[in-house]
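Take a look at the structure below.
Residue numbering restarts at 1 for every chain, and letters A, B, ... go by the order of the sequence lines.
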2 protein chains.
Amino acid sequence: MPKSIIRTYSRYNRDASALLGALIREARHERKLTAQELADRAGISRGLLQRIEKGNLKCEIGAVFEVATIVGVKLFDADESTLTKYLRQTKEKLALLPKSVRNKSKAVRDDF
Amino acid sequence: MPKSIIRTYSRYNRDASALLGALIREARHERKLTAQELADRAGISRGLLQRIEKGNLKCEIGAVFEVATIVGVKLFDADESTLTKYLRQTKEKLALLPKSVRNKSKAVRDDF
DNA sequence: GATTTATGCCCTATATATAAACCAAAAGGA
DNA sequence: TCCTTTTGGTTTATATATAGGGCATAAATC
């Protein structure tokens with residue numbers, strides 16, 4: 001990130017991230033997990049989990065997703081099966097999977 | 001990140017991120033925005049937007065949230081007002097706001 | 001067809017997020 | 001009360017995500 005970019009976030013997203021962190025923290029307590037235990041399960045450091053639970057927007061999304069999934073905080077929707085439902089419904093799925101494969105089989109392109 | 005941690009992600013979250021990226025890309029097309037235009041609006045580089053649309057889990061969550069909000073892809077829920085609803089309902093909000101203020105007024109602690 | 005525009009994907013420099021190790025304070029349990 | 005555990009907050013070293021640029025291809029547009 002050259003030239004010291006000061007990134008600003010909208011109030012909405014700051015609230016959203018703070019809420020997500022609070023939900024994660026609450027869910028962790030409900031499951032009687034210490035911060036260290038949850039961090040270990042997610043494969044991250046305890047310090048990173050602390051920042052996630054505080055709603056820090058600079059955390060990598062993969063770490064946040066992993067933690068949220070472990071403690072049962074759902075993304076996109078409160079409904080558990082919504083993601084899978086989306087994955088089935090969206091016609092983008094057809095364009096989705098090849099896209100994630102393209103990098104692996106770089107030059108071939110014989111997949112159609 | 002010392003010691004070259006190889007972070008693994010669950011299949012669920014890889015799918016979730018890929019779906020989120022696809023939804024963002026689809027929404028961007030619906031709004032007739034070029035990648036450069038959306039990146040400019042979000043204050044990020046075009047390359048980062050590309051990675052977001054590919055569902056790269058190493059992107060910072062703040063950038064993903066900003067982009068998603070701009071093109072109208074909702075987080076947590078399809079309903080627009082769900083976040084604000086949550087923010088009102090959750091009793092965690094009381095513990096939430098002071099937490100985000102604590103860093104600003106570092107040593108004072110006269111807020112109670 | 002030609003020409004512009006958008007996209008995909010390199011590359012490099014650098015700002016910074018992360019892990020790990022601390023310490024002190026808070027919380028919980030005896 | 002004391003003792004243990006958990007948490008919040010540092011600090012430091014290092015891995016790496018990012019911005020920015022270039023370039024080739026694809027896709028519009030004419």
Side-chain angles (χ1 to χ4, degrees), chain A residues 1-9 17 21-22 24-26 28-67 95-96 98-109 112, chain B residues 1-9 17 21-22 24-26 28-67 95-96 98-109 112:
Chain A
M1 194 184 291
K3 293 298 172 58
S4 184
I5 298 289
I6 300 173
R7 184 169 298 166
T8 62
Y9 304 103
S17 189
I24 288 173
R25 183 183 177 84
E26 191 178 22
R28 174 171 69 82
H29 285 151
E30 285 175 359
R31 308 198 174 216
K32 307 267 192 256
L33 289 173
T34 69
Q36 188 64 63
E37 287 170 346
L38 178 53
D40 289 342
R41 286 203 198 182
I44 66 175
S45 65
R46 190 170 64 92
L48 176 53
L49 176 60
Q50 277 189 4
R51 289 172 50 226
I52 291 174
E53 290 187 346
K54 287 179 67 176
N56 189 316
L57 283 163
K58 293 193 173 303
C59 304
E60 77 173 49
I61 196 171
V64 181
F65 278 16
E66 288 294 322
V67 169
L96 197 66
K99 213 180 299 178
S100 59
V101 175
R102 208 195 306 180
N103 283 342
K104 298 178 182 176
S105 61
K106 208 83 174 260
V108 203
R109 299 290 297 161
F112 61 96
Chain B
M1 196 184 294
K3 296 296 174 58
S4 183
I5 299 289
I6 300 173
R7 186 168 298 166
T8 61
Y9 304 103
S17 189
I24 288 172
R25 183 183 178 86
E26 191 179 21
R28 173 171 70 83
H29 285 150
E30 285 174 359
R31 309 201 172 211
K32 307 269 191 252
L33 290 173
T34 69
Q36 188 64 62
E37 287 170 344
L38 178 53
D40 289 343
R41 287 202 197 183
I44 65 175
S45 65
R46 189 170 64 92
L48 176 53
L49 176 60
Q50 277 189 2
R51 290 172 49 225
I52 290 174
E53 290 187 347
K54 288 179 67 176
N56 189 317
L57 283 162
K58 293 192 174 303
C59 305
E60 77 173 48
I61 196 171
V64 181
F65 278 16
E66 288 294 321
V67 169
L96 197 68
K99 213 181 298 178
S100 60
V101 174
R102 210 195 306 180
N103 284 340
K104 297 178 183 176
S105 60
K106 207 87 175 255
V108 202
R109 297 292 297 161
F112 62 96

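Summary of the strand contacts: B:G47 and A:S45 both lie near DNA chain C, and taking for each the nucleotide with the nearest heavy atom, the more 5' one is attributed to B:G47.
Residues B:R7 and A:E60 are paired through a salt bridge, judged by an N-O separation under 4.0 Å between the basic side chain and the carboxylate. Between B:E66 and B:R41, none of the side-chain N atoms (NZ, or NE/NH1/NH2) sits under 4.0 Å from a carboxylate O, so this pair counts as no salt bridge.
Summarising the geometry, the separation between NZ on A:K32 and P on C:dA27 is reported as 17 Å, rounded to the nearest angstrom. In this structure, CD of A:Q50 is placed 15 Å from P of C:dA20, rounded to the nearest angstrom. If you measure from atom CG of A:N56 to atom P of D:dT10, you get 13 Å, rounded to the nearest angstrom. Following rounding to the nearest Å, A:L38 (CG) and D:dT7 (C1') show an atom-to-atom distance of 14 Å. In this entry the distance linking CD of A:Q36 with P of C:dA21 reads 11 Å, nearest Å. When rounded to the nearest whole Å, the span between CD of A:E60 and P of C:dT16 equals 17 Å. Taking atom CD1 of A:I52 as the reference point, atom P of D:dG8 lies 13 Å away to the nearest angstrom. Between the CZ atom of A:R7 and the C1' atom of C:dT14 there is a distance of 14 Å, rounded to whole Å.
At least one side-chain nitrogen or oxygen of B:K54 sits closer than 4.0 Å to the OP1 or OP2 atom of C:dC9. Side-chain nitrogen and oxygen atoms of B:R25 include at least one within less than 4.0 Å of the OP1 or OP2 phosphate oxygen of C:dG8.
Residues A:L49 and A:A39 come closest through the heavy atom pair CD2-N, 4.0 Å. For B:K58 against B:Y9, the heavy-atom pair with the smallest separation is NZ-OH, 3.3 Å.
B:R46 contributes a side-chain N or O that forms a donor-acceptor pair with the base of C:dG8 under 3.5 Å.
Picking from C:dA17, C:dT7, C:dA19 the nucleotide with the shortest atom distance to the side chain of B:A35 gives C:dT7.
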